[in-house]
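First listed ligand is number 1; within each ligand, the first listed atom is number 1.
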Amino acid sequence: MRELKVGIIGAGIWGANHARVFNTLLQTRLVAVCDIAPERANAFKEQSGCAAAYSDFNELIADPEVEAISVATPDFTHAPIILAALKANKHVLCEKPLAMTLEETEEVAKAAAQSSGKLMVDFHNRVNPAIVQLRDAVAAGEIGNAVHGYARLSNTTYVPLEMLSWAAKSSALWFLGSHVVDALRFVLNDEVVRVYSVARSGVLKARGVDTQDVHISTLEFSKGAVITLENSWILSTANPIAYDFKIELVGDKGQINANPSHNGAVTKLTSQGAKFADLLGITPTGPSRIGGFVLEAIAQFVDAVLDEAPLLADAKDGLAVTRVLAAIEQSAAQGTPVRLCF
Ligand SMILES: NC(=O)c1ccc[n+]([C@@H]2O[C@H](COP(=O)([O-])OP(=O)(O)OC[C@H]3O[C@@H](n4cnc5c(N)ncnc54)[C@H](O)[C@@H]3O)[C@@H](O)[C@H]2O)c1
């Protein structure tokens, strides 16, 4: 079996999940890690058992042992890292969003087309069983033509106030909306042609994180579906899980609703109240091994690199999503609808 040697840039919460996946998959070996915080890179190296730790991403990219690179750094830092890795013709798996400005994302897409390295965006909801059910039902014509719908991916205040040190440089729109816009494109097999959005700020700002509380957006797709999208970072921490994810689609022949926030298999009732565990995305299968759609998406990147299997989501998908999110921000800022051209 051919082995893929991997390096991870960004030794934080999500980089740790990438490491668990690479340590679970038989075809991958984690060989290097990089974090601008050297103590974090060193601790990660010890925990994951990889050979090298760096604090400059250029050093990891130049390491001849590293064939493929996971980019798991904060949202606003992705572009220069991906550009350097693609220039060195390394394969890249990047966390969502691909980049946070249209200019940067276009540059990345151009670099991906010129590199012999492959680029995949980790839009793992494409292998989330609940979202795949939606896609299959729509493709089979079970609801007829999608007419309207509602999509919500929002977090409790735990995420911007306690989990992410860099929340002020992102927003629920970029951190969460990137997942849902891609999932809707995937489910409807369609592109967004017009958006109108209203944002509200103040709750997070009053607590020291200067970013929007919520974007409520209307997305019109080219085949006619109109979807209301909510991305909030101020849900109550009393919720049973730190995120709430719902997609409901109404067609001219039927309706389909998905609630992938939790699969209801485990409810913990303690002094913290009722709490659900995520068993769909990260399914614990052993002390350092995981299954679930987080693993499945990364496994598809490995299959694409080693066996020429199709990428789950490529630079074009990353660019399409950034276009929609940038248009939503523009609409919220100017108070008028924004039309997109493809
Ligand atoms: N797919 C998902 O469901 C999911 C969930 C959580 C986070 N994410 C994404 O993963 C990425 C990382 O998020 P996180 O929650 O792990 O954040 P985090 O803050 O826990 O970790 C980020 C790490 O990157 C390091 N870093 C920052 N700039 C760097 C640079 N230039 N070079 C090297 N290291 C650098 C930081 O020191 C930190 O250790 C984000 O893009 C986020 O949107 C995806």
- Lys96 and ligand 1 - part of the residue with a heavy-atom distance under 4.0 Å: both
- Query: Ion pair present between Glu308 and Lys118, side-chain N to carboxylate O less than 4.0 angstrom?
  - Reply: yes
- Please report the closest heavy-atom contact between Ala19 and Phe44, naming both atoms and the distance. CB-CZ, 3.6 Å
- Message: I'd like to know if the side chain of Asp244 pairs up with that of Ser154 as donor and acceptor (distance under 3.5 Å, no hydrogens or angles considered).
- Response: no
- Item | Under-4.0 Å heavy-atom contact with ligand 1, by part of Leu164 that carries it | side chain
- Message: Polar contacts were defined as any N/O atom of the residue lying under 3.5 Å from an N/O atom of the ligand; does this apply to Trp14 and ligand 1?
- Response: yes
- For atom 38 (C) of ligand 1, what is the nearest protein heavy atom, given as residue, atom name and distance? Arg40 NH1, 3.1 Å
- Message: What I want to check is whether the side chains of Gln334 and Thr336 have a donor and an acceptor closer together than 3.5 Å.
- Response: yes
- Message: I'd like to check whether Ser165 has a polar contact with ligand 1, where a contact means an N/O of the residue lying under 3.5 Å from an N/O of the ligand.
- Response: no
- Task: Taking atom types as modelled, find out whether Glu95 and His18 have a side-chain donor-acceptor pair closer than 3.5 angstrom.
- Result: yes
- Message: Show the atoms of ligand 1 that are less than 4.0 angstrom away from any heavy atom in Asp75.
- Response: 40 (C), 41 (O), 42 (C), 43 (O)
- Task: Return a yes/no value for Phe57: is any of its N or O atoms, backbone included, closer than 3.5 angstrom to an N or O of ligand 1?
- Result: no
- Query: For atom 13 (O) of ligand 1, which candidate among Tyr54, Phe44, Phe76, Trp166 holds the nearest heavy atom?
  - Reply: Trp166
- Between Ala62 and Lys90 the two heavy atoms that sit nearest each other are C-NZ, 4.5 Å
- Query: Counting both backbone and side chain atoms, is some N or O of Ile36 under 3.5 Å from an N or O of ligand 1?
  - Reply: yes
